Amino acid sequence: MTTSEQPTAVSAPGKVLLAGGYLVLNRKYNGIVIGTSARFYTIIYSGKNGFGEITVHSPQFNDGEWNYRVTESLGDSFSCELEPINPEKRNSFVEIAIKYSLSIILYRINKHKFQAIFAKGLDIYIIGNNDFYSQREQLKKRNLPLTSSSLKSLEPFCKVHCNVNEVHKTGLGSSAALITSLVAALFVHFEVTSNQIDDRRLIHNVAQFCHCLAQGKVGSGFDVSAAVWGSHIYKRFSPSVLEDVMNQKVNLLALNNIVDPASNKWDNQATNFSLPPEFTLLLADIDAGSHTPSMVGRVLKWRKENADQANILWDTLAFHNTAISNDLKELNKNYQQNKELYNIAIKVCENVKASEWILYGLQNPNNTNIALFSSIFITFQKIRGLLREMSELSQVPIEPPKQTKLLDACNDIPGVIMAGVPGAGGYDAIFCIGIGDAFNTRIEKLWNSWEEMSVGPLLSKESSKGYMIEQISEVSGLSKYLNRETLPVKLFKNKL
Ligand SMILES: Nc1ncnc2c1ncn2[C@@H]1O[C@H](COP(=O)(O)OP(=O)(O)O)[C@@H](O)[C@H]1O
Ligand SMILES: C[C@@](O)(CCOP(=O)(O)OP(=O)(O)O)CC(=O)O
């Protein structure tokens with residue numbers, strides 16, 4: 001290993017569920033999942049404390065350090081018991097990811113190779129992009145306005161000046177991205193390699209299991225799927241896949257069989273999808289609370305008590321969600337076939353309100369892209385109307401009036417094609433998608449002047465890349481926490 005080589009990190013993206021909230025809990029329906037440019041990083045070094053000793057550093061948080069010791073003898077059995085050195089200070093996401101990744105790794109590689117790589121223990125760093133955590137307090141302390149330029153003035157991966165369980169999250173799926181990057185980094189560190197596709201499916205299966213166990217529930221799993229594959233059209237895995245291992249004493253033989261891609265137990269689907277060229281995603285964190293699990297519980301209770309009415313509503317929503325994804329895919333295809341015509345359509349529409357695009361479509365019948373832009377806008381308005389109907393019927397504030405008012409104001413901005421509440425909805429976030437580049441400034445001006453709620457922009461855009469190896473030297477701001485006298489035991493070159 002030459003000193004010129006830089007250590008590497010495994011990073012995973014956050015998530016935004018553009019369409020399919022609640023429906024995506026049922027395998028009958030798909031979700032439009034967007035991976036974010038906000039990424040979570042895991043860097044693993046050979047430890048300094050000896051065999052079986054693991055230290056996890058989360059340097060952005062005041063209490064961000066956890067120490068573990070692998071207690072089970074690593075004889076013929078492949079179970080790794082992780083003993084927290086400080087039992088009062090635990091992080092279930094970190095602990096479960098390490099415990100089960102090491103157990104599965106030990107099952108899959110030669111024990112002597114495992115022990116050689118683990119000889120000095122592990123020193124693990126987990127670090128999240130600023131967008132995962134509300135930066136309102138940091139900006140307030142610096143007397144900075146809640147704007148994207150203020151956010152850009154913060155150092156990358158800045159400290160959050162609180163404990164982990166006190167952080168105000170922005171809903172980009174930090175735990176899913178954390179677990180996926182940590183699991184992937186451990187599998188890379190221990191060189192558990194097979195062909196690329198199985199690697200990614202194996203990491204997905206392990207990360208989904210760990211995330212569900214850490215959360216204590218089996219959601220749709222779209223957040224882990226986003227962390228693994230980036231943007232895609234998502235169909236959930238059958239909850240029964242994990243039913244035999246979602247209990248306190250996990251049977252490791254069963255677990256290894258379940259996570260093994262060769263067992264073909266997983267029926268999740270991640271179909272290629274990304275936003276078309278010149279489509280920009282803007283996200284806002286709204287200083288208001290929403291509790292997704294209770295919202296989900298109440299919506300599903302209503303659905304169970306009103307099955308016929310709910311099925312019609314779900315099926316109608318699904319029809320429009322599919323229409324949106326098909327139109328977006330069609331635009332991607334059109335761009336590949338005729339970039340010039342596509343870019344003309346962008347220029348015609350980017351400075352016009354979407355409600356007027358239908359007229360431009362009729363005036364330019366040869367440029368079907370304009371009609372598709374208009375169709376996406378009109379269809380997403382129908383989706384919002386159906387989500388408001390779901391809100392009314394279930395008495396759950398999915399798109400409450402305050403959000404409707406803000407989203408309608410966004411739609412009046414030229415170039416905005418979709419403005420909605422992501423995932424479960426509620427009061428805490430919105431997204432806007434616009435065409436061209438003029439709408440960014442207009443939208444931020446609207447958000448900065450909005451008086452009814454505090455609407456804080458995030459910097460994240462779409463990223464259709466899933467987890468991946470990155471050179472730390474190419475990730476600005478990451479190395480400041482990695483004051484290490486030695487480089488990692490080995491350097492990984494795109495093993496994933
Ligand atoms: N940098 C970090 N270090 C350690 N744990 C973290 C970190 N970021 C997030 N977490 C864990 O993930 C939890 C938040 O996950 P989640 O509820 O999925 O939030 P969200 O999806 O809104 O980001 C935190 O309570 C914490 O336990
Ligand atoms: C309701 C859902 O279908 C989508 C929830 O999406 P969010 O993005 O709102 O999730 P949180 O980050 O947990 O708030 C539940 C699910 O799919 O698990």
Side-chain angles (χ1 to χ4, degrees), residues 10-18 20-21 24-27 30-36 38-42 91-101 104 126 128-129 132 169-188 197-243 245-246 250 255 258-261 265-271 273 292-293 296 422-424 460 463-468 496:
V10 175
S11 71
K15 55 71 178 169
V16 181
L17 185 62
L18 285 190
V24 77
L25 288 160
N26 181 327
R27 270 185 56 76
N30 295 336
I32 303 179
V33 175
I34 297 292
T36 65
R39 299 181 73 86
F40 205 98
Y41 294 79
T42 295
N91 183 317
S92 58
F93 296 97
V94 167
E95 211 162 298
I96 285 172
I98 294 175
K99 171 181 163 70
Y100 290 104
S101 293
I104 293 163
I126 54 174
N129 179 284
F132 282 112
K169 304 158 297 180
T170 57
L172 294 188
S174 58
S175 65
L178 183 170
I179 280 191
T180 302
S181 78
L182 178 51
V183 168
L186 285 164
F187 276 69
V188 169
I197 294 172
D198 273 357
D199 264 351
R200 205 162 282 268
R201 287 172 56 206
L202 173 62
I203 299 303
H204 166 267
N205 300 349
V206 177
Q208 282 287 11
F209 161 72
C210 293
H211 194 243
C212 290
L213 195 61
Q215 285 198 123
K217 66 179 174 70
V218 182
S220 73
F222 84 92
D223 45 4
V224 170
S225 191
V228 173
W229 282 289
S231 299
H232 61 283
I233 302 297
Y234 178 66
K235 183 183 289 297
R236 72 156 302 146
F237 57 91
S238 300
S240 57
V241 167
L242 291 177
E243 65 190 359
V245 286
M246 284 299 291
V250 176
L255 177 61
I258 287 166
V259 301
D260 185 348
K265 289 185 181 294
W266 292 76
D267 50 2
N268 59 302
Q269 292 173 21
T271 311
F273 171 83
T292 298
V296 172
S460 272
S463 162
S464 51
K465 293 192 285 284
Y467 72 74
M468 62 184 182
L496 295 180

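Given the structure is predicted, the values throughout are model-derived calculations rather than measurements.
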### Option from Ile233, Asn30, Val33 for which side-chain contact (heavy atoms from CB on, under 4.5 Å) with Phe273 holds
Ile233
### Message
Taking side-chain contact (heavy atoms from CB on, under 4.5 Å) as the criterion, tell me which of Leu186, Val183, Val259 meets it with Ile104.
### Response
Val259
### Task
Return the set of residues passing ring pair (Phe, Tyr, Trp, His ring centres under 6.0 Å) with Phe237 (not counting sequence neighbours), or none when no residue passes.
Trp266
In a table with atom names and distances, give each donor-acceptor pair under 3.5 Å that connects a side chain of residues 221-228 to protein atoms at least two apart or in another chain.
| unit_1 | atom_1 | unit_2 | atom_2 | d |
| --- | --- | --- | --- | --- |
| Ser225 | OG | His232 | NE2 | 2.8 |

If you measure from [atom1] on [X] to [atom2] on [Y], what distance do you get to the nearest 0.5 Å?
X      : Y      : atom1 : atom2 : value
Thr42  : Ile126 : OG1   : CD1   : 6.5 Å
Ile98  : Leu182 : CD1   : CG    : 5.0 Å
Ser11  : Tyr467 : OG    : OH    : 11.0 Å
Phe40  : Phe132 : CZ    : CZ    : 7.0 Å
Gln208 : Arg201 : CD    : CZ    : 13.5 Å
Ser231 : Lys15  : OG    : NZ    : 13.5 Å

So which heavy atom on [X] is nearest to which on [Y], and how close?
X      : Y      : answer
Gly31  : Leu17  : CA-CD1, 4.1 Å
Leu25  : Gly219 : CD2-C, 4.1 Å
Thr36  : Pro13  : O-CB, 3.3 Å
Leu242 : Cys212 : CD1-SG, 3.9 Å
Arg27  : Ser238 : CD-OG, 3.1 Å
Met468 : Arg39  : CG-NH2, 3.4 Å

### Message
Suppose we screen for salt bridge (charged side-chain N to carboxylate O under 4.0 Å, His left out). Which residues come up paired with Arg236, at least two apart in sequence or across chains?
### Response
none
### Message
Within the structure provided, determine whether Trp229 and Asn268 are in side-chain contact (heavy-atom separation under 4.5 Å).
### Response
yes
### Query
Do Val218 and Met246 touch side chain to side chain, with heavy atoms closer than 4.5 Å?
yes
Checking [X] now: which residues fulfil side-chain hydrogen bond (donor to acceptor under 3.5 Å, both in side chains) with it, not counting sequence neighbours?
X      : value
Tyr234 : none
His211 : Ser175, Gln215
Ser220 : none

#### Entry: Main-chain N/O of Leu178 paired with Ser181 side-chain donor or acceptor, under 3.5 Å
yes
### Query
Stepwise, does the side-chain contact (heavy atoms from CB on, under 4.5 Å) test hold for Asn205 with Ile258?
CA-CA 8 Å; Asn205 300 349; Ile258 287 166; over 6 Å; no
### Task
Applying side-chain contact (heavy atoms from CB on, under 4.5 Å), run through Phe187 and Asp199 and close with a yes or a no.
CA-CA 9 Å; Phe187 276 69; Asp199 264 351; over 6 Å; no
